[in-house]
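Heads up: the structure comes next, in structure tokens.
These values consider heavy atoms only, across backbone and side chains, with no hydrogens, waters or symmetry-generated copies. Order of the sequence lines fixes the chain letters, A, B, ..., with proteins taken first and strands second; residue numbering starts at 1 for each chain.
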There are 2 protein chains.
Amino acid sequence: MVAPDVAVAASEAIEPADPASADRRPRADAVRNRDLLITSAAAAFAARGADVSLEDIARSAGVGIGTLYRHFPTRDSLVEAVYRHEIDVLCQRADQLLETMPPDQALAEWMQLFVRHVATKRGMLSLLKPLLSTNPNFSDQTRGRATAAATKLLEAGVAAGTVRADVDGGDLLRAVGGICMSTDQERSEASERLVGLLFDGLRHGAAGPAATPPPAAASA
Amino acid sequence: MVAPDVAVAASEAIEPADPASADRRPRADAVRNRDLLITSAAAAFAARGADVSLEDIARSAGVGIGTLYRHFPTRDSLVEAVYRHEIDVLCQRADQLLETMPPDQALAEWMQLFVRHVATKRGMLSLLKPLLSTNPNFSDQTRGRATAAATKLLEAGVAAGTVRADVDGGDLLRAVGGICMSTDQERSEASERLVGLLFDGLRHGAAGPAATPPPAAASA
DNA sequence: AAGTATACGGAGGTTGCCTCCGTTTTGCAA
DNA sequence: TTGCAAAACGGAGGCAACCTCCGTATACTT
């Protein structure tokens, strides 16, 4: 349903459009406005919940309502783009963290980052959930990317001997996600503490042969 | 926030208003219209999802929009009333079933009834969930009533020796509820089959001393 | 039977959604 | 550089839903 040609032109990570699709590359102002809309929408959803008026979003992005609708013909498509963008940022941050600190610390930071990102997205959640459940390949794509980032962090930690080897990225993501979801209230402090606990667990059997079976991570 | 004076005047089960509150009893047409609105709203939510226009609901109840707003000043208060009503009906049906058939059969019927009621309410779910989580005493009241009905059915079965004794109403409700939630898709057939399975489990250790530990019911 | 508190109902103001189209800007080519 | 066509912009305006307000109708009281 979503126009397939606007594929990956998120805000950062502009990869030169695949040369096979000979379509001209989008105009500079179009790209700029699209990015403005996505960041404004993210802020608006976070600050004022799922039912901000699209007019407000357009205004705060400094563009007309028509421009918003051309880029995002439905509210859902805007939500989807915002979510994709958030995931992109999260994945990028994983790489940055890995470059600037030891892997276990990077992993800890990233998990906390994840919690805060989810807390920020809470306003969108009621919109996002039906979207993810009715649109399996959108859900697969985003989940896949996040899992890849988690796996990368984990593997770096394992290679450095500071993180246990018997946990995979998908499980880690599910566990952190579950914690975020279970603490329904607004305060993300509880989540942060629980995730910290989880991280300590990840460090527990590090660098040893994974002989001792891990305590099963509880999922809500 | 909801006007406290409209307390329990659901549709059936009109208990004579508590004599201490000397306020006059509501006019007959008010009661009638309130009931009409609740039944029309239930039908509308089931048929057309959470975002039916309130104007449509008023129209299909045969009353003016002003009347709807007087009885239910917010959309939430209407949803709440509909849900309360559904729970009432379910509890009543428990008693009826107990009077007309053996307890184990009554329990089986009631569980299926529950599944179908949830399926019908699916349209309201996105409205109901935030309501239940932000309004703890509403949630407690309804859950309490439903649990009482489930417990009554269970106990009757236990007394007759056809239902095992080591399950309580709250757990049963959670299990059935969990099954309904986990099968996110529209078809309630899957839920009905799973609930049937659950019921067979309930019958398993009946009339014997509950020596064999039950297999834990899986909850999604 | 008359009076009054109460309930009814819909007109209309406000706001948000979305479309349509005249104007502006951009990228390409001569 | 200049011109031009394609692409993007942006807001006016139609539509639909929300909600308020108040004149009218109706049920209970004495």
Side-chain angles (χ1 to χ4, degrees), chain A residues 1-3 5-7 9 14 16-17 19 21-38 40-41 44-45 47-79 81 123 126-127, chain B residues 1-7 9 14 16-17 19 21-38 40-41 44-45 48-79 81 123 126-127:
Chain A
M1 292 306 173
V2 179
D5 53 348
V6 293
I14 301 177
S21 82
D23 297 339
R24 202 177 310 174
R25 91 161 179 279
R27 271 169 50 167
D29 51 348
V31 176
R32 183 166 34 79
N33 281 338
R34 191 169 194 282
D35 291 352
L36 277 171
L37 281 167
I38 289 178
S40 298
F45 283 136
R48 279 177 299 175
D51 45 2
V52 216
S53 91
L54 297 184
E55 250 107 3
D56 275 357
I57 292 178
R59 192 170 13 255
S60 78
V63 305
I65 185 65
T67 300
L68 187 151
Y69 274 96
R70 190 165 337 92
H71 284 294
F72 307 105
T74 68
R75 198 184 196 85
D76 278 356
S77 66
L78 179 58
V79 171
S126 58
L127 258 23
Chain B
M1 293 311 172
V2 178
D5 53 349
V6 293
I14 302 178
S21 83
D23 296 339
R24 203 175 309 172
R25 89 161 180 280
R27 266 169 55 167
D29 52 349
V31 176
R32 182 166 36 79
N33 281 339
R34 191 168 194 283
D35 291 351
L36 277 171
L37 281 167
I38 289 178
S40 297
F45 284 134
R48 279 175 298 175
D51 45 2
V52 215
S53 92
L54 297 184
E55 250 109 2
D56 275 357
I57 293 179
R59 192 169 14 256
S60 78
V63 305
I65 185 66
T67 299
L68 188 152
Y69 272 97
R70 193 167 333 96
H71 284 294
F72 307 104
T74 67
R75 199 185 195 85
D76 278 357
S77 65
L78 179 57
V79 171
S126 57
L127 259 23

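Atom CZ in A/Arg32 sits about 11 Å away from atom C1' in C/dT26, given to the nearest Å. Per the geometry, NE2 belonging to B/His71 stands 16 Å off C1' belonging to D/dC19, to the nearest Å. Between the CG atom of A/Asp29 and the C1' atom of C/dT26 there is a distance of 7 Å, given to the nearest Å. Rounded to an integer number of Å, the gap from CG of B/Leu68 to C1' of D/dC19 is 11 Å. Regarding A/Arg34, its CZ atom lies at a distance of 18 Å from the P atom of D/dA7, rounded to whole Å. Summarising the geometry, the separation between CZ on B/Phe72 and C1' on D/dT20 is reported as 18 Å, rounded to the nearest angstrom.
Scanning for side-chain hydrogen bond (donor to acceptor under 3.5 Å, both in side chains) contacts around B/Arg70 gives an empty result, with sequence neighbours left out. B/Arg32 pairs by the salt bridge (Lys or Arg N to Asp or Glu O under 4.0 Å) definition with nothing, not counting sequence neighbours. In this structure, the side chain to side chain contact (heavy atoms under 4.5 Å, CB included) partners of A/Ala50, at least two apart in sequence or on a different chain, are A/Ser126, A/Leu127. Taking B/Arg59 as the reference, B/Asp56 meet the side-chain hydrogen bond (donor to acceptor under 3.5 Å, both in side chains) condition, with sequence neighbours excluded. Listed by chain and residue number, B/Phe45, B/Ile57, B/Leu78, B/Val82 satisfy the side chain to side chain contact (heavy atoms under 4.5 Å, CB included) test with B/Ala41 (two or more places apart in sequence, or in another chain). The side chain to side chain contact (heavy atoms under 4.5 Å, CB included) test applied to A/Asp76 returns A/Thr74, A/Leu131, not counting sequence neighbours.
Taken to the nearest 0.5 Å, the CD atom of B/Glu55 stands 12.0 Å off from the OG atom of B/Ser60.
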(request) Begin with the C-alpha distance, continue with both residues' side-chain angles, and end with the deciding distance and a verdict on side chain to side chain contact (heavy atoms under 4.5 Å, CB included) for B/Phe72 and B/Leu54. (result) CA-CA 10 Å; B/Phe72 307 104; B/Leu54 297 184; over 6 Å; no
(request) Could you run through nucleotides 9-18 of chain C and give me one letter per nucleotide, 5' to 3': B if any protein heavy atom sits under 4.0 Å from the base, S if only the sugar-phosphate is that close, - if neither? (result) BBB----SBB
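Direction change of the helix axis from one end of the helix from C/dA1-D/dT30 to C/dA30-D/dT1 to the other is 10°, with five pairs defining each end axis (rounded to 10°).
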